[in-house]
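Read through the structure below, which is laid out as structure tokens, and then see the notes.
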Amino acid sequence: MVTWIVFGVVLFALIVLALAVRPVLARLPRLRRAALALQRRATEAESLRSAAEELQARAESLQERAGVAQERIALIKASRGK
């Protein structure tokens with residue numbers, strides 16, 4: 001008799017567990033798609049960060065070249081003014 005009661009309680013617990021897990025398992029495909037989308041966005045963000053760093057390096061290089069050009073223009077104007 002006690003065996004049947006224990007068996008019934010265990011079976012009831014397994015049924016409750018299955019009913020609780022079912023909605024989570026139903027959401028897994030959507031969660032997987034969301035995770036893949038986030039991964040793609042992270043990859044895109046990394047490539048954009050890399051491009052931004054390259055642009056910043058180019059801007060700094062151009063700024064240095066502009067400074068050198070301004071110095072040369074100042075020297076040319078100074079030599080013409082004499």
Side-chain angles (χ1 to χ4, degrees):
M1 180 77 173
V2 174
T3 306
W4 287 106
I5 294 173
V6 170
F7 181 71
V9 168
V10 170
L11 184 62
F12 179 73
L14 287 175
I15 291 172
V16 169
L17 179 64
L19 290 175
V21 168
R22 188 173 168 256
V24 174
L25 292 177
R27 291 182 191 152
L28 283 179
R30 282 186 284 162
L31 290 173
R32 185 174 182 273
R33 282 194 301 269
L36 290 174
L38 286 174
Q39 233 174 3
R40 272 185 262 127
R41 287 182 183 170
T43 304
E44 291 172 5
E46 179 63 30
S47 67
L48 287 174
R49 185 191 61 80
S50 172
E53 287 176 353
E54 290 177 16
L55 283 174
Q56 184 176 1
R58 286 177 60 191
E60 289 171 357
S61 172
L62 287 174
Q63 189 175 8
E64 290 174 12
R65 289 175 59 188
V68 169
Q70 284 180 343
E71 290 175 7
R72 288 182 181 170
I73 290 172
L75 287 173
I76 291 172
K77 285 183 179 179
S79 67
R80 284 188 181 172
K82 289 186 178 181

Practice task
Answer yes if L11 and V2 sit in the same cluster of Ile, Leu, Val, Met, Phe, Trp and Tyr residues linked by side chain heavy atoms under 4.5 Å apart, and no otherwise.
Solution key: no

Problem - Cationic N near anionic O, under 4.0 Å, R58 to E54 - result: no

What side-chain donor-acceptor pairs closer than 3.5 Å can you find for residues 17-45, not counting sequence neighbours?
from	atom 1	to	atom 2	distance (Å)
T43	OG1	Q39	O	3.0

Handout entry: Pairwise distance CG(L75) to CD(E71) - rounded to 0.5 angstrom
Key = 7.5 Å

Handout entry: Within 6.0 Å of CD in E53, more than 12 heavy atoms from elsewhere
Key = yes

